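Note that the coordinates shown come from a computational prediction; the quantities given were computed from them, not determined experimentally.
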Amino acid sequence: MTSEDLALLKSSIDLVVTLETVEGERFLAQILFVFDGEETPDVFYLKVEPGPDGNFVPIGSGGHSTLLADIASVHRLAS
């Protein structure tokens, strides 16, 4: 993850972005919290999908966590 991706992630709390993992998985995520401490820097998020009214709805009932080292890129959604 680049420093630009980390800055985008930190500025996207409560917003939806596209995350791409180093394994090639891409998904929409509503960012809840970014922890960039020394031991296990990671991001907490809800996986979401577009809803019928143009809003985003969570997929499943729980949140997710991914190590920052496992994120290849972060992208803003096109407006």
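- The hydrophobic cluster containing Val74 does not contain Val16, counting ILVMFWY residues as joined when their side-chain heavy atoms lie under 4.5 angstrom apart, directly or transitively.
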What's the verdict on side-chain contact (heavy atoms from CB on, under 4.5 Å) for Leu28 and Val48, showing C-alpha distance, side-chain angles and the deciding distance? CA-CA 6 Å; Leu28 296 175; Val48 296; 3.8 Å; yes
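- Contacts classified as side-chain hydrogen bond (donor to acceptor under 3.5 Å, both in side chains) and involving residues 27-41 (residues at least two apart or in different chains) are given here: Lys10-Asp36.
- Across every non-hydrogen atom of Val34 and Leu6, the tightest pair is CG1-CD1, 4.1 Å.
- Between the side chains of Thr66 and His64, not a single donor N or O lies within less than 3.5 Å of an accepting N or O.
- Rounding to the nearest 0.5 Å gives a distance of 9.5 Å between CG of Leu46 and CG of Asp14.
- Between Ile71 and Leu9, the closest heavy-atom pair is CD1-CD2, 4.5 Å.
- Evaluation of the ring-ring contact (aromatic ring centres under 6.0 Å, His included) rule for Phe27 yields Tyr45 as partners, not counting sequence neighbours.
- Scanning both residues, Leu19 and Ala29, for their nearest heavy atoms gives CD1-CB, 3.8 Å.
- The nearest pair of heavy atoms linking Asp5 to Thr2 is N-OG1, 3.0 Å.
- Residues satisfying the salt bridge (Lys or Arg N to Asp or Glu O under 4.0 Å) criterion with Arg26, sequence neighbours excluded, are Glu20.
- Linking Ile, Leu, Val, Met, Phe, Trp and Tyr whenever their side-chain heavy atoms come within less than 4.5 Å leaves Phe35 and Ile13 in two separate clusters.
- Between Ser12 and Ile31, the closest heavy-atom pair is O-CB, 3.4 Å.
- Atoms CG and CG, on Asp42 and Leu68 in that order, are 6.5 Å from each other to the nearest 0.5 Å.
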request  = Given side-chain contact (heavy atoms from CB on, under 4.5 Å), test Glu49 with Val57 step by step and report yes or no.
outcome  = CA-CA 6 Å; Glu49 63 187 359; Val57 293; 3.8 Å; yes
